[in-house]
Amino acid sequence: MTSIHAPTAGRFVGQSIARTEDLRLVTGKGRYVDDVQLKGMLHAAFLRSDVARGRIAKIDTTAAAALPGVHHVLIGADLNPHAGLMIPSLFVDGSFGVVGPIRPLAGDDVRFVGDPIALVIADDRYVAEDACDLIEVDIEPLEPVVDWEHAAASSELVHPEQGTNVNMHMATEPSADLDAALASAASVVRETYYQHRYSTVPMETRGVVASWDAHSQHLEVWQSSQNPHEVRLAMSRTTGVPENRVRVHSGDVGGGFGQKSFCGKEELAVALAAKVLGLTVKWIEDRREDLIAGYHARQARADCMYAFDADHRIVAAGMAHLEDTGAYPLGGGASGPMACMHYPGPYKTPLLEWSSTVVWTNTCGRAAYRAPWQMESVAREQMIEHCARVLGVDPIDLRRINVLHREELPHTNPAGVLIENVSPLETLEAAADQIGYSAFRDEQAGLRADGVYRGIGTCLYIEPSPTALAAYANEPVHIRVQPDGHVDVFLGSGAHGQGLETTTAQLTAEFLGVDFGDVSVHQGDTESTPFGPGTGGSRSGPMIGATVLQAASGLKDKILRIAAHQLEAAVEDLTMEGGVVSVIGTPARTVALSDIATAAYHHSYLLPPGEEAGLEVVNRYMAPETIWSNACHMALVEVDTVTGRVDVLRYVVAEDCGKMINPMIVEGQISGGVVQGLGGVLYEENAYDESGNPLATTFLDYLLPSSTEVPDIEIVHLETPASTLGGFKGCGEGGAIGAPPAIFNAVCDALAPLGVHLTRQPLSPNAVVGALVAAGH
Amino acid sequence: MAERAISVQVNGRARRAVVEPRRTLADFLRDDCGLTGTHLGCEHGVCGACTVLVDGEAVRSCLMLAVGANGHDVTTVEGLTPPDGSLSPVQQAFRECHGLQCGFCTPGFVVSVTALLDEGAELTDEEMRDAISGNLCRCTGYQGIFAAVRRAEELRSVQSNGGTR
Amino acid sequence: MKPAPFDYSAPTTVDEATVILAEHGDEAKPLAGGQSLVPLLALRLARFAHLVDLNDVAELAGVQRENGTLRVGAMTRQRAAERSEEVAAAVPLLARALPLIGHRQIRARGTVGGSIAHADPASELPAVALALDADLEVRSSRGSRTIAAADFLVSMWTTALEPDELLVAVRFPVWGPRSGFAVEEFARRDGDFAIAGAATGVQIDDAGTITRAAIGLFGMGLSSVRAATAETALIGSSVNDADLDDIGRAAVADAEPSDDLHASAAYRRRVGAHLVRVALARSLEEASRG
């Protein structure tokens with residue numbers, strides 16, 4: 001059942017409760033990694049290559065090391081021999097592709113502008129940077145591989161050890177059925193779409209403090225991370241310190257969006273240096289480093305094909321996907337196969353051919369960015385609207401003809417992807433209704449006659465939460481009821497803005513039967529929290545929801561058993577709310593949770609026979625399948641045909657993320673994602689010149705949207721529960737999927753009557769004018 | 001490079017230090033005064049995460065030298081926070097309206113919005129968006145922040161009228 | 001991103017400041033609002049052995065009407081000038097340019113003189129000074145001189161100032177009645193450096209004939225541009241029949257804009273011409289209202 005505008009709400013779950021986190025964050029009492037101050041802490045800075053590819057002919061650190069205040073100057077020869085494996089856990093066995101040779105510092109050569117060559121450790125960052133200036137490096141430049149579309153064919157190798165610039169290539173087998181479908185199709189449309197390079201750029205850059213104590217043989221790390229337990233594993237692999245002697249703290253994290261899902265190279269290098277030298281060292285990435293070397297994303301090309309029958313139904317589809325992962329991808333960045341397999345999206349697609357090629361280039365490595373596979377929606381939705389124009393059909397109508405209906409679910413797409421519990425058609429209609437689609441179409445031509453070029457564009461997508469993968473397939477929670485009746489909840493997560501302290505308290509209060517204010521939520525310290533998968537991939541809502549429901553249910557059963565014993569009542573006659581157990585119908589007969597907890601810990605003779613002492617549980621929820629959410633985004637834009645400026649006049653999201661834990665937080669996630677997508681398609685670019693020099697190295701050139709670039713975002717909620725426990729779904733990534741194609745399509749829709757055809761992004765004013773001029777305007 | 005002795009009124013207290021001239025006001029506040037609520041998002045004057053009040057005006061502390069604040073009044077987000085555990089109207093509004101997610105840009109916004117509302121002008125929506133465009137946020141998409149500014153106006157007018165919230 | 005080391009002085013008078021500059025020559029750099037200089041220092045794109053902080057030189061700030069000009073002290077904060085009724089009344093073009101500079105937090109520290117002495121071709125104030133034929137008052141320990149804006153602004157980040165000279169004030173001519181002014185710019189985002197911009201002023205007589213025209217362009221090359229040819233073409237036209245499209249095109253023909261990450265030269269010419277047209281239309285409309 002899909003209900004519109006009628007989300008089911010409990011006492012806490014489903015309520016827009018103000019966040020607990022805010023109390024420290026609005027008062028400036030958040031604890032981010034740069035706020036960590038330790039006795040004897042030193043500061044690190046990296047000297048980085050300013051050449052995209054070259055041999056290090058000479059490196060002289062004498063003057064740098066002699067500078068007062070400098071403790072150590074390390075180069076590859078000093079640090080690299082101490083390093084173990086430096087790749088994320090998921091990629092260790094190679095089943096997700098090759099990540100490339102990762103070393104703490106450059107060896108004999110550099111492979112991208114920004115490649116760390118030396119690590120300076122000094123009294124403070126000012127001195128460390130002074131020392132970097134004094135390091136003499138001679139690099140003999142080599143021809144860099146920058147043209148990613150020809151990297152595969154180039155004889156220059158980014159990683160000579162790999163023998164090729166192709167990181168990975170996969171493709172479907174040729175299909176006679178597909179060939180036949182193409183031959184008999186009424187129309188076959190082909191087009192190539194590009195998405196450019198842009199990236200996460202959280203407001204807090206990366207950072208780490210690492211401290212090695214030689215006596216206790218402990219490595220203690222503070223890091224801005226989405227996944228503290230992964231950091232622990234990575235630090236252990238790199239430094240050789242056993243996992244149970246590595247402690248990681250991730251406190252408040254100033255945004256991540258995927259950049260901090262895995263442990264980056266610099267953080268590992270700094271920790272390794274701390275361990276080798278027996279120091280406490282802090283490294284805070286500065287913004288220029290972040291834009292040059294802090295991992296990029298999105299850059300891809302999709303050669304798309306759609307074949308239709310005479311009724312405009314899709315009979316076959318295809319995508320050849322090419323992706324640039326730079327020199328040192330951070331794992332999770334290469335998303336080609338997933339993009340290809342999800343290309344059909346919410347449409348019935350009988351046949352699919354695809355190929356995915358991932359190349360290395362001498363540029364900054366790629367990392368995951370909020371829905372890293374989203375090129376499937378960008379390419380598909382832009383292609384669908386192009387097809388609609390070719391076929392002479394309204395883009396919404398073409399979607400209506402092909403979209404999966406509820407009755408057709410569950411549905412397995414031609415790549416074997418099982419799709420269920422989604423409502424694409426309903427979101428399409430809800431979005432069209434909200435934005436006034438038909439009315440706009442009626443007035444569009446008139447506006448154009450007056451020289452006003454407005455357009456409407458759509459992105460209809462379904463979004464998988466990758467829950468069944470390796471360490472992500474289980475979500476832990478540890479719930480402990482204290483003797484005084486208050487509750488501690490420990491998560492394996494790494495929140496960076498999602499409000500997990502609040503939503504987890506809502507879930508716990510709801511399912512355990514205590515008050516919201518009685519619950520304290522803890523995450524980020526590997527010493528006290530259960531081994532977990534961190535936060536990302538839109539998993540926290542569904543997975544934490546389910547695991548808390550399981551854990552709290554079990555704990556509540558025990559509480560009621562003990563209460564039943566104490567009240568001499570039957571368990572079925574009891575209820576618990578606000579930390580008080582009472583007999584239904586006889587509200588005067590109660591026992592407080594604190595009394596039950598005290599008995600459980602201190603007076604086990606008060607427990608029912610055979611009942612174990614204590615009142616805490618550690619639970620792991622196993623996700624049985626991918627969890628799907630879905631949405632339809634519609635953008636209404638006006639294009640100034642003199643300046644090329646694109647104004648987003650209205651933006652509608654009709655989204656279905658199942659049961660919402662906190663609607664206010666859901667809307668925040670959607671809005672943030674939308675504006676990141678808007679930023680990507682209109683403003684942001686990590687551009688390079690032909691020599692591999694990055695061109696957007698400060699915020700003067702890498703343009704984040706500000707308050708004056710964003711529309712009001714109108715959000716309509718639908719609710720199709722997941723079939724997982726609790727019915728919760730993920731929603732964090734969707735905005736970044738829907739906005740680029742919706743806005744791109746709106747611009748195309750506005751300018752198509754002028755003969756303008758767009759296939760590239762960003763749609764900067766300069767680019768739009770270029771297209772207008774090419775079309776004779 | 002000769003260090004210089006400075007005395008800066010920070011959140012109403014005189015802070016004395018001997019600093020290198022190149023030390024930024026932001027680093028002085030964070031490291032020498034221990035006031036880590038002011039954040040560094042870019043260190044080149046674009047993102048606004050480092051915003052503080054200098055003599056009552058919102059400025060980018062990463063673009064001021066600590067020596068330049070000698071003899072002046074500086075107020076950080078900590079200085080705008082009531083000491084009794086309550087929140088200022090602007091802080092309260094940001095919380096009510098979900099005007100923050102990761103919180104990294106938030107102190108800068110709290111300071112900028114406080115200074116803006118202290119000017120007392122009645123702002124159209126367009127003027128309001130323009131007035132806060134010097135602070136960047138990556139998480140919220142600004143929707144909650146717009147609501148927070150309007151809500152802060154309401155809370156402040158209730159407060160100044162002597163009413164309870 | 002921390003600045004490289006430098007020595008530092010904080011003089012309290014102009015005389016003191018000029019003595020320090022004379023001592024250090026081009027090793028010294030005056031520090032005004034810091035909104036342009038400090039980022040360059042933080043990025044280590046510029047280094048100076050000695051910074052001369054002008055923020056305690058009280059005599060450098062302030063605005064006075066004097067003999068048909070408005071004298072703006074070099075250290076007058078942009079925000080103070082923006083709020084000044086005197087500036088609004090005497091030099092509307094300056095008043096209209098100021099709110100377009102960056103964001104309010106930048107204008108709280110940035111100064112009128114600092115912006116002009118920084119001579120960024122994408123900035124508003126150098127173009128306004130150029131359009132209005134402002135005079136720049138300059139002092140050194142060797143004496144004083146006045147430099148016309150056209151001579152002062154040499155190229156990108158380059159002025160006619162000798163290493164030991166200090167800009168102390170900017171004198172803007174005050175126009176008479178029946179004049180109108182406008183600043184129009186195009187930037188990627190609110191407050192960004194302009195990709196193209198136009199600062200215009202026109203004056204008309206009783207009959208509606210344009211008697212005076214000033215067109216300054218920014219973002220249109222290595223330096224701020226005075227579109228003299230277009231101005232000449234405009235003078236003598238009537239308010240009602242001036243072909244502003246033509247004038248716009250003529251104005252950008254004087255410029256040599258460059259290609260960069262954000263826009264091509266051709267784009268800048270296209271948008272520049274459009275902005276000139278819009279700015280002139282607004283200026284003429286205001287002039288017509290008397």
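Values below: all heavy atoms of this structure, side chains included; hydrogens, waters and symmetry mates excluded. Chain naming here is simple, since letters A, B, ... match the order of the sequence lines and numbering starts at 1 in each.
Remark: the C:His274 side chain and the A:Thr643 side chain contain no N/O donor-acceptor pair separated by less than 3.5 Å.
Annotation: maximal heavy-atom pairing with chain A below 4.5 Å, among C:Leu275, C:Val271, C:Leu43, occurs at C:Leu43.
For chain C, no part of A:Ile284 is nearby; none of its heavy atoms comes within less than 4.5 Å. In this structure, the portion of A:Thr698 lying under 4.5 Å from any heavy atom of chain C is its side chain and not its backbone. Only the side chain of A:Thr708 comes within contact range of chain C, judged by heavy atoms closer than 4.5 Å. Only the side chain of A:Asp133 comes within contact range of chain C, with heavy atoms under 4.5 Å apart. In this structure, chain A has heavy atoms under 4.5 Å from both the backbone and the side chain of C:Pro3. For C:Asp192, the part lying under 4.5 angstrom from a heavy atom of chain A is the side chain only.
Salt bridge absent: A:Arg288 and A:Glu129 never bring a charged side-chain N and a carboxylate O closer than 4.0 Å. Electrostatic pairing of A:Asp130 and C:Arg44 counts as a salt bridge here, judged by a charged N lying under 4.0 Å from a carboxylate O. Using a 4.0 Å cut-off between charged side-chain N and carboxylate O, A:Asp124 and C:Lys2 make no salt bridge. Salt bridge C:Asp243/C:Arg249: absent, no basic N to carboxylate O contact under 4.0 Å.
Heavy-atom neighbours of C:Phe193 CZ from other residues, nucleotides or ligands within 6.0 Å: at or below the threshold of 12.
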